[in-house]
Amino acid sequence: MIWITCGIMGSAPAEVKQLSDNNGPAVRPATVVPWTGGGAVLPGWPVDVDPHLSPEPDRAALLVIDTQVDFLDGGSSTIAGTSAVLPTLARLVRGFRAAARPVVHVVRLYEGADVDLPRRTLIASGAPVVRPGSPGSELAPDLRPAPGALLSPRELLAGQLQPLGDREWAMWKPRWGAFHRTPLDAHLRSLGVSTVVVAGCNYPNCPRATVYGASEHDYRTLIARDAVSGVAPLHLEEAARMGVLHAATADILARLPAS
């Protein structure tokens, strides 16, 4: 067994006493973002933050996570709240299209043995959850750039990004996070992206893992808090401790560049 201990940035109030021991000089915990203490959630972006963390809207891409028919109301594996945020999410997608900024629809497709451990028994039993080529695996209709913009399982499962429209793609991820075993990082770098906006289905699972992956890959990261299902104030607080900001869709769209 391996034990890993990680520091938590932003967990201390702004005024922190210096810490020291007998083996070295005093050190002061780093403050990455303005922190109010007492467990309060940071105010939404824009806030006065470290310039390395501040989103750059003219270099932003939108990552839409797992917003597929099976996860909507009436689907085979409904995720509570996803249909409720869909109109706001659709508005966010349309705004990125209008600004000619990249949109990547990140999807799950369950086939064969390459399934995350918590779902293997379910999928092996034949549960019809985002099966490749099934109607339930398709993007929510409100998010498609055109009615006929359907997923290509063969292309996606081969690890390719499938073009859906101008500067818009679909991409399959085999596990929770969108950066794990995918071409996403290389794709975003090729487009000159510095900032990712994360929205979509069920924050505690795949959007949260994607936020962590984006931070690990040194992207300025912004959660669209009203365009993602399952998000709670604690999630925003935890993300803020890593330098990840959050904002409402209206505020994000207001700062996108004109196309």
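Heads up: numbering here begins at 1 and tracks the sequence.
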Same cluster for [X] and [Y] if Ile/Leu/Val/Met/Phe/Trp/Tyr side chains link at under 4.5 Å?
X: V115; Y: L157; value: no
X: W172; Y: L161; value: no
X: M171; Y: L139; value: no
X: I65; Y: L151; value: no
X: L253; Y: V85; value: no

Decide yes or no on side chain to side chain contact (heavy atoms under 4.5 Å, CB included) for V106 and T210, but give the supporting numbers first.
CA-CA 10 Å; V106 185; T210 297; 5.9 Å; no
Distance (rounded to the nearest 0.5 Å) between [X] [atom1] and [Y] [atom2]:
X: R225; Y: I252; atom1: CZ; atom2: CD1; value: 8.5 Å
X: C201; Y: L72; atom1: SG; atom2: CG; value: 7.5 Å
X: R101; Y: F96; atom1: CZ; atom2: CZ; value: 8.0 Å
X: R97; Y: L62; atom1: CZ; atom2: CG; value: 9.5 Å
X: H52; Y: D50; atom1: NE2; atom2: CG; value: 6.0 Å
X: H246; Y: T221; atom1: NE2; atom2: OG1; value: 13.5 Å

Heavy atoms, side chains only, cut-off 4.5 Å: are [X] and [Y] in contact?
X: V104; Y: V64; answer: no
X: L109; Y: S137; answer: yes
X: I223; Y: L245; answer: no
X: R220; Y: E56; answer: yes
X: R255; Y: P55; answer: no
X: V244; Y: L222; answer: no
X: Y219; Y: S194; answer: no
X: P204; Y: H235; answer: yes

Carboxylate-amine/guanidinium proximity below 4.0 Å for [X] and [Y]:
X: R120; Y: D116; value: no
X: R208; Y: E238; value: yes
X: D142; Y: R94; value: no

State, without any angle test, whether [X] and [Y] hold a side-chain donor-acceptor pair at a distance under 3.5 Å.
X: R175; Y: H180; value: no
X: H105; Y: Q162; value: no
X: D70; Y: S76; value: yes

Atom CZ of R189 with >12 non-hydrogen neighbours under 6.0 angstrom:
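More than 12 heavy atoms, drawn from other residues, nucleotides or ligands, come within 6.0 Å of this atom.
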For the student: nearest non-hydrogen atoms of [X] and [Y], plus distance:
X: G213; Y: F179; answer: C-CD1, 3.7 Å
X: E155; Y: P163; answer: OE2-CD, 3.7 Å
X: S229; Y: I79; answer: OG-CG2, 4.2 Å
X: S125; Y: L122; answer: OG-O, 2.5 Å
X: A227; Y: A199; answer: O-CB, 3.3 Å
X: L143; Y: E168; answer: O-OE2, 3.9 Å

Report the C-alpha separation of V107 and E138 in whole Å, then their side-chain angles, then the decisive distance to 0.1 Å, and conclude whether the side chain to side chain contact (heavy atoms under 4.5 Å, CB included) test is met.
CA-CA 9 Å; V107 301; E138 299 293 345; over 6 Å; no
Show your reasoning for whether side chain to side chain contact (heavy atoms under 4.5 Å, CB included) applies to R59 and V193.
CA-CA 5 Å; R59 300 182 63 196; V193 168; 5.8 Å; no
Given the options T88, V231, L92, L89, D226 meets side-chain contact (heavy atoms from CB on, under 4.5 Å) only with T88
Trace of the side chain to side chain contact (heavy atoms under 4.5 Å, CB included) decision for N202 with F71
CA-CA 9 Å; N202 202 24; F71 303 135; over 6 Å; no
With salt bridge (Lys or Arg N to Asp or Glu O under 4.0 Å) as the test, would you mind laying out the steps for R131 and E111 before giving the verdict?
CA-CA 7 Å; R131 291 285 187 181; E111 181 178 63; over 6 Å; no
Using only atom types and a distance under 3.5 Å, with no angle test, would you say the side chain of S134 pairs donor to acceptor with the backbone of V130?
no
Would you find a donor on one side and an acceptor on the other, under 3.5 Å apart, between the side chain of S83 and the backbone of D73?
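Indeed, once roles are kept as given, a pair shorter than 3.5 Å links the two residues.
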With under 30° as parallel and over 60° as perpendicular, where do the rings of W169 and H187 fit, or are they tilted in between?
perpendicular
Starting from the C-alpha separation in whole Å, work towards a yes-or-no answer on side-chain hydrogen bond (donor to acceptor under 3.5 Å, both in side chains) for Y110 and R119.
CA-CA 9 Å; Y110 288 132; R119 305 264 172 81; 2.4 Å; yes
